[in-house]
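Everything quoted here is computed from the prediction, not taken from an experiment.
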Amino acid sequence: MPDAAGDAYRVVVAHESFDFRRPLGDTLADLLDDFSDALEELQADGSVAAWASWASHDCRDELPLYDFLYAGGSGPDAVSPDVRRRLSRLMDKCRLWDDDEAEKIPDDVVVAGESTAWPSAVGHAMLRSLRGLTTACLLFPTAATASGWQPVSSGSESASESEPLATAVYFLRRAPEITGFWRALFDREDVDEAGFPVLAGRAFPRLILAEGLSFGRFTGHYRDLRPWVVQVLSVVNDRFADAVAENAGLPRQVQAALGGSGITLSPESSRTRANESVMRLRDVEHDGGTYRCEWHAKQHPTHNRVHFSLPGQRSDGKVLIGIFVDHLPT
């Protein structure tokens, strides 16, 4: 789960991606600010780790990051003291994985066919992931590695593993990309129903799950239903509020805007809305307020619904996921 005691961090800084020899395509100061923005936002949501000796990594030929941060540069490489101090301060806030842990990392870690320099933060994430604590890597913006899940392997045994190693590791450059990581954990770590709302808080930051939601009110088994529910919550989180705002809340236009999502979404029919006693079954009490959850996603024409509110019903603009149910009366 996201906050396992003693090992809370799920993101590590890929210090080896601080390679300023690559074509930057932007001023170095702007790139450092972009990285710091991402790191600061991720730290606000949870712990981020870094190699204890990250500042000794060469960002240019024979130029360690430590020396760069206290040098400055000139021209497009000119970096103000404020930019350098901010990066140093944020890196100092990271939880550190130490040199003893670095010694366990194989020296031939490969990401999508490309070798990494030892000791690789990617290798550290790979070992943690193989032990069941899936870990992502934050990249410098110009890193060659693509964002998302990438194959990571080593042909060597590590100090604590007796077989060649291989798994997939998640890479990101911007903090919002972390939702793709959290969402994948439902299946990758086979999260049980009790853990579902805990992980959902990170996987779907624009949603609120009402108390008392239960997969037991659906037809079917939790593990069979979980992928569909994750897909529904992903679409509602990512697209519903924007579709409502862009289409003045007009149901047909909202449905059309979400038509390519792969999920069947709709409000109740006019006949159902005309029956107030039936509509009250869509009302959900949450945190001192009452929310009408008439919009819903359908898994099947006759069963399994996820009911949710309009975003304007909450002052924070979030959507309340109010009801999991087989089917409500219409």
Side-chain angles (χ1 to χ4, degrees), residues 1-20 28-60 63-71 79-105 109 111 116-143 145 147 150 152 169-182 185 202 205:
M1 289 307 300
D3 293 309
D7 267 315
Y9 67 90
R10 290 299 194 115
V11 179
V12 295
V13 173
H15 58 268
E16 62 267 39
S17 69
F18 283 95
D19 184 354
F20 305 154
L28 185 52
D30 288 341
L31 293 167
L32 290 168
D33 265 339
D34 289 344
F35 177 84
S36 292
D37 288 345
L39 178 56
E40 188 168 35
E41 191 171 340
L42 290 169
Q43 287 176 335
D45 189 48
S47 182
V48 180
W51 176 37
S53 301
W54 64 269
S56 66
H57 170 74
D58 283 352
C59 60
R60 293 194 187 281
L63 178 64
L65 269 166
Y66 179 90
D67 291 342
F68 166 79
L69 291 174
Y70 290 91
V79 178
S80 74
D82 286 344
V83 171
R84 288 181 274 126
R85 278 195 295 265
R86 182 188 181 209
L87 176 60
S88 297
R89 174 177 56 82
L90 291 169
M91 290 296 293
D92 286 343
K93 287 177 62 178
C94 290
R95 177 172 173 173
L96 301 179
W97 51 279
D98 59 29
D99 291 342
D100 287 340
E101 291 175 282
E103 290 296 329
K104 300 174 184 177
I105 297 172
V109 175
V111 181
T116 64
W118 184 92
S120 165
V122 178
H124 180 66
M126 174 181 69
L127 293 180
R128 285 170 60 84
S129 298
L130 286 169
R131 294 167 191 161
L133 203 67
T134 314
T135 303
C137 288
L138 176 62
L139 297 166
F140 190 69
T142 58
T145 304
S147 296
Q150 300 296 332
V152 177
V169 170
Y170 191 83
F171 295 88
L172 67 154
R173 289 169 166 77
R174 299 171 55 251
E177 295 172 6
I178 194 65
T179 57
F181 171 74
W182 297 125
L185 295 195
R202 290 188 169 179

Where Cys137 and Ala14 come nearest, the two heavy atoms and their spacing: CB-CB, 4.4 Å
Side-chain donor or acceptor of Arg173 paired with backbone N/O of Leu139 under 3.5 Å: no
Test item: Lys104 and Pro119 side chains (from C-beta on) under 4.5 Å apart, heavy atoms: no
Arg10 side-chain N/O to Thr134 backbone N/O, donor-acceptor pair under 3.5 Å: yes
Residues forming a side chain to side chain donor-acceptor pair (under 3.5 Å) with Thr135, sequence neighbours excluded: Arg128
Gap separating the CZ atom of Arg89 from the CZ atom of Arg84, nearest 0.5 angstrom: 15.0 Å
Audit row: Trp54, Val13, side-chain contact (heavy atoms from CB on, under 4.5 Å) steps and yes/no: CA-CA 9 Å; Trp54 64 269; Val13 173; over 6 Å; no
Contacts of His124 that satisfy side chain to side chain donor-acceptor pair (under 3.5 Å) - sequence neighbours left out: Tyr9
Non-neighbouring partners of Glu40 that pass side chain to side chain donor-acceptor pair (under 3.5 Å), sequence neighbours left out: Arg86
Positive for side chain to side chain contact (heavy atoms under 4.5 Å, CB included) with Val152, one of Val169, Leu130, Thr116: Val169
Partner set under side chain to side chain contact (heavy atoms under 4.5 Å, CB included) for Ala175, not counting sequence neighbours: Glu41, Leu42
Under the ring-ring contact (aromatic ring centres under 6.0 Å, His included) test, residues paired with Phe35 that sit two or more places apart: Phe18
For Asp34 against Pro141, the heavy-atom pair lying closest together: CB-CG, 4.1 Å
Inter-residue atom distance Met91.CE - Gln43.CD, 0.5 Å rounding: 9.0 Å
Which atom of Glu16 lies closest to which atom of Ser120, heavy atoms considered: OE2-OG, 2.8 Å
Residues in side chain to side chain donor-acceptor pair (under 3.5 Å) contact with Asp82, at least two apart in sequence or another chain: Arg85
Min side-chain heavy-atom separation Ile105-Trp118 under 4.5 Å: yes
Nearest heavy-atom neighbours spanning Tyr170 and Gly180: OH-CA, 3.6 Å
Leu138 side chain near Leu172 side chain, heavy-atom distance below 4.5 Å: yes
CG on Leu32 to CG on Leu87, rounded to 0.5 Å: 6.0 Å
Reported SG-to-NE2 distance for the pair Cys59 and His15, which is rounded to 0.5 angstrom: 12.5 Å
Test side chain to side chain contact (heavy atoms under 4.5 Å, CB included) applied to Ser53 - qualifying residues, sequence neighbours left out: Trp51, Ser56, Asp99
Pairing residues for Thr179 by the side chain to side chain contact (heavy atoms under 4.5 Å, CB included) criterion, not counting sequence neighbours: Arg183, Pro205
Side chain to side chain contact (heavy atoms under 4.5 Å, CB included) partners for Asp98, two or more places apart: Asp100, Glu101
Least distance between heavy atoms, Ala49 atom then Trp97 atom: CB-CD1, 4.1 Å
Side-chain heavy atoms of Phe20 within contact of Leu63, under 4.5 Å: no
Under 3.5 Å: donor-acceptor pair, side chain of Glu177, backbone of Ser147: no
Side chains of Leu39 and Val48 in contact at under 4.5 Å (non-hydrogen atoms): yes
